[in-house]
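A, B, ... follow the sequence lines: proteins, then strands. Residue 1 opens every chain.
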Amino acid sequence: MNLTLIVKGLIVKSLGDLDFPEVPIVIEVPPDPNMGDRSCTVALSLAKQLKQPPRQIAEQIKNVLPIDSDPITKVEIAGPGYLNFFFSENALIHLLQAILRLNSDFGNSDRGAGQRRLFEYVSANPTGPMNVVSARAAALGDSMVKLQRKIGFSVDSEFYINDAGKQIMLLGASVKARAGEVKGNSREIPEGGYHGSYVKQIAAEAIDEFGDALFTLPDEDLGCWSADRIVENQRSTLEDYGIQFDNWFKESELRRNNEHQTALKLLEEREHTYSKDGALFFRSTSFGDNEDRVLITSDERPTYFLPDIAYHVNKSKRGYDKVIDLLGPDHHGHGLRMQAAMKAVGLPDDFLEVVIVQQVNLMRSGKPVKMSKRTGEIITLKELIEEVGPDAAKQIFLSRRWSSHLDFDIETAKDRSEKSPVYYLQYAHARICSIFRKAGDVQEADSECLLKLTAPEEQKLLRNLSVFPDTVESAALQLAPNRINSYLNDLATSFTRFYHECRVLSDDDDLTRARLAICHAVKIVLGEGLRLLGMSAPEAM
RNA sequence: GCGCUCGUAGCUCAAUGGAUAGAGCAUCGGCCUUCUAAGCCGAGGGUUCCGAGUUCGAGUCUCGGCGGGCGUACCA
């Protein structure tokens, strides 16, 4: 049940009848309910092509609109040429019944049917704990995946593990150095190595596992072993955060299968490479980059860039129509290069979409938290969710666009008093559950008693519920979970006003049943919205 | 220098190119005998960084400034 689509259908039909040219049709919700339930600006956008005043065009459209009494009772022309549509009482009651029938399927659509997509996010290096940008990316990616699935895309999520190359050797050497400290045969942590305290812990585990044989292991082998442990940690931390991936993809596998060589051949065949100073370059400047990039160094090592190209080629070979990468702000140059590479190997221009998740400034009571990556003094994702909780953290991350640089104040996030916006949505949900516990067994409302829902607060709620499918679709297509958050806030606000103005459980049986029906619908939508954000919907608080 | 990105209320942030730019926090004033006060009602608060342009219409798009962040490795 999507009232917006019904309005759109009527417009499309009218434009066809009038032989008007095809233009994109935008249906929106007017700012004031007195202006109607939906509006359309198509007359404004047709004005130029038809060389007629927009109101005159609107008049013609209005005249051919097949309006009877349901679900549209009235169409008005307003302002410069808006077409405003008014829903009938019945339309909103059918909507309410549809929500109760569909339950959490309300808002589903087939918009993305037949398309396969892959979201890659977090992909933190297996050389240390995850940071707050990973926490933000994890919340975002998880919600985007859920949203796109809801509108019919076939979506997988993936975590890419960079478990090969120089950094793994450095990790191995760092662990060895820390183990050396314990065993009294002191070594230095190498330049560019890892200093964090977690390295000491892995060193201790490595001693348990290998004993003195540890010191004769090649750095790379020890590095791989350590990386495996770190990845396991990342996986369980993400699990605690409520984030699961469909797939974990290892760079080492890619290298074992020589896929980076295959990717290189692909670029060479298409003549997008050249040699200079003993190194092999990718001519990325032909695809909009401002400098050509090295694929193979003069000492014949592949740079990180080459296997990453191979990884993305691999994604296309797995049959994805489109892949979306969520990258940190320090990788935006990398994203552009990857897009250049995708074009170079002949994939469509829009095959790879890059979302740059902007930085998170951690604050504590208004003061920035100082962190040093070099010494390993950072606040980790694990510490963050232990301190503020997964739901509160996600709510902050998902209430902003990914493009905004955000200040995350730990003390504000932890605050569970009335100052905290975090529990507002959950509180509304829990309140409804509480009403149902109190109500006991109540007969289901029929259409007749639903007609009693005439209070302004009830009408407002019904209108809010009616735009959920639209909100889901735009949030999904624009990769904007924050729209769901805003929507849920509106819905919860409307519900709370209703709760204060309209007593649900009363002596009037019909009215009680009708109000329980509306409560049930709000509960369904709140619950589904929270699920889409990866947040819990508690029955009691 | 070049590239990317952000700039909206005191603060943190919203707003498919559409009608009077909205929330939360903070400030001020009311509301618990009543289904959860983690709540509700009300008030104040704006040159959407500046300047041009495109458009019937710009916070949103284009160009030029200013300011913050980040890139610009034969590192990942």
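With no hydrogens or angles considered, a side-chain donor-acceptor pair links A:Ser466 and A:Arg38 at under 3.5 Å. At a cut-off of 3.5 Å, with distance as the only test, no side-chain donor of A:Ser399 or A:Asn485 sits close to an acceptor on the other residue. Side-chain atoms of A:Asn162 and A:Glu251 include a donor-acceptor pair closer than 3.5 Å.
Taking the P atoms as reference points, B:G64 lies 22 Å from B:G69, given to the whole Å. The gap from the C1' atom of B:A23 to that of B:G45 amounts to 14 Å, rounded to the nearest Å. Across B:G44 and B:C2, the matching P atoms stand 47 Å from one another, rounded to whole Å. For B:G68 and B:A76, the P atoms lie 32 Å apart once the distance is rounded to whole Å. Across B:U20 and B:G46, the matching C1' atoms stand 13 Å from one another, rounded to whole Å.
A donor-acceptor contact under 3.5 Å is formed by the side chain of A:Asn84 with the base of B:A19.
For A:Ser134, the side-chain contact (heavy atoms from CB on, under 4.5 Å) partners are A:Val122, A:Ala124, A:Met130, A:Asn131, A:Leu381, not counting sequence neighbours. In terms of the salt bridge (Lys or Arg N to Asp or Glu O under 4.0 Å) criterion, residue partners of A:Asp325 (sequence neighbours excluded) are, by chain and number, A:Lys315. Legend: residues meeting salt bridge (Lys or Arg N to Asp or Glu O under 4.0 Å) with A:Asp219, ordered by chain and number and at least two apart, are A:Lys176. Take A:Glu158 and apply the salt bridge (Lys or Arg N to Asp or Glu O under 4.0 Å) test, not counting sequence neighbours, and it matches A:Arg318. Under the ring-ring contact (aromatic ring centres under 6.0 Å, His included) criterion, A:His332 pairs with no residue, sequence neighbours left out. Every residue two or more places apart in sequence or in another chain that forms a salt bridge (Lys or Arg N to Asp or Glu O under 4.0 Å) with A:Asp508 is listed here: A:Lys452.
Distance, A:Met35 CE to B:U20 P: 7 Å, rounded to whole Å. Rounded to a whole Å, the CD1 atom of A:Ile484 is 21 Å from the P atom of B:C13. At whole-Å resolution of the value, CD in A:Gln358 and P in B:G69 are 13 Å apart. Residue A:Asp32 contributes atom CG, which lies 22 Å from atom P of B:A15 at whole-angstrom precision. Distance A:Arg513 CZ to B:C35 P: 23 Å, rounded to the nearest Å. Counting to the nearest Å, the C1' atom of B:C56 and the CD atom of A:Gln56 are 15 Å from each other. Between A:Leu491 atom CG and B:A23 atom C1' there is a gap of 15 Å when expressed in whole angstrom units. In this structure, NZ of A:Lys523 is placed 15 Å from C1' of B:C35, rounded to the nearest angstrom.
The stacking criteria are not both satisfied for A:Tyr499 over the base of B:G39, which would need a centre-to-centre distance under 5.5 angstrom and an angle between ring planes under 30 degrees.
Crowding of A:Met169 atom CE: a count of heavy atoms from other residues, nucleotides or ligands under 6.0 Å not exceeding 12.
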Atom pairs, protein N/O to nucleotides 61-66 of chain B N/O, distance under 3.5 Å:
none

Below 3.5 Å is the cut-off: list the nitrogen or oxygen pairs between protein and nucleotides 40-43 of chain B, distance only.
from: B:C40; atom 1: OP1; to: A:Tyr424; atom 2: OH; distance (Å): 2.6
from: B:C40; atom 1: O4'; to: A:His500; atom 2: NE2; distance (Å): 3.4
from: B:C41; atom 1: OP1; to: A:Arg497; atom 2: NE; distance (Å): 2.0
from: B:C41; atom 1: OP1; to: A:Arg497; atom 2: NH2; distance (Å): 3.2

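Between A:Tyr427 and A:Tyr424, the distance separating the two ring centers is not shorter than 6.0 angstrom.
Distance alone, capped at 3.5 Å, is enough to place a donor-acceptor pair between the A:Arg136 side chain and the A:Gln358 backbone. At distances below 3.5 Å, at least one donor-acceptor pair connects side-chain atoms of A:Arg55 with backbone N or O atoms of A:Gly79.
Taking the six-membered ring where the residue is Trp, A:His334 and A:His331 present perpendicular rings, their angle passing 60° and hence far from 30°.
Glycosidic conformation of B:C32: syn, with the torsion inside 90° of 0.
Toward the 5' end of RNA chain B, the nearer of the two residues A:Ser399 and A:Lys438, judged by each one's closest nucleotide, is A:Ser399.
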Fill in the blank from the handout: Given protein heavy atoms under 4.0 Å, the one-letter contact record of nucleotides 71-76 of chain B, with B base, S sugar-phosphate only and - none, is simply SSSBSB

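Using a 4.0 Å cut-off between charged side-chain N and carboxylate O, A:Glu457 and A:Lys460 make no salt bridge.
B:G53 is paired with B:C61 under the criterion used here, namely a Watson-Crick or G-U wobble arrangement in which both key atom distances are under 3.5 Å. The partner of B:U27, taking Watson-Crick or G-U wobble pairs whose two distances both stay under 3.5 Å, is B:A43. Using the Watson-Crick or G-U wobble rule with both distances under 3.5 Å, B:A19 pairs with nothing in any strand shown. B:U72: Watson-Crick or G-U partner is B:G1, with both key distances under 3.5 Å. Across all strands shown, the partner of B:G67 is B:C6, judged by Watson-Crick or G-U wobble contacts whose two distances both fall under 3.5 Å.
A:Cys433 comes within 4.0 angstrom of no nucleic acid atom, judged by non-hydrogen atoms across all strands. In this structure, A:Leu327 reaches neither bases nor backbone, as no heavy-atom distance under 4.0 Å exists between it and the strands shown. As judged by a 4.0 angstrom heavy-atom cut-off over every strand, A:Ala540 is placed among the base-contacting residues.
Each side-chain hydrogen bond (donor to acceptor under 3.5 Å, both in side chains) pair with one or both residues in residues 432-445 of chain A, not counting sequence neighbours, appears once here: A:Gln443-A:Arg513.
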Only distances under 3.5 Å count here; give the side-chain donor-acceptor pairs of residues 278-287 of chain A to other protein atoms, sequence neighbours excluded, each with its distance to 0.1 Å.
from: A:Ser284; atom 1: OG; to: A:Asp289; atom 2: OD2; distance (Å): 3.1
from: A:Ser284; atom 1: OG; to: A:Glu291; atom 2: O; distance (Å): 2.8
from: A:Thr285; atom 1: OG1; to: A:Asp292; atom 2: OD1; distance (Å): 2.6
from: A:Ser286; atom 1: OG; to: A:Arg283; atom 2: O; distance (Å): 3.4

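Nearest nucleotide to the A:Arg400 side chain, out of B:C35, B:C13, B:U20: B:C13. Side-chain proximity of A:Ser434 to B:C56, B:U36, B:A19: nearest is B:U36.
Of the residues in residues 37-46 of chain A, those lying under 4.0 Å from RNA chain B by heavy-atom distance are A:Ser39, A:Thr41, A:Leu44.
Proximity of A:Arg401 to the phosphate of B:G7: a side-chain N or O atom is located under 4.0 Å from OP1 or OP2. At the phosphate of B:A15, OP1 or OP2 sits under 4.0 Å from a side-chain N or O atom of A:Asn482.
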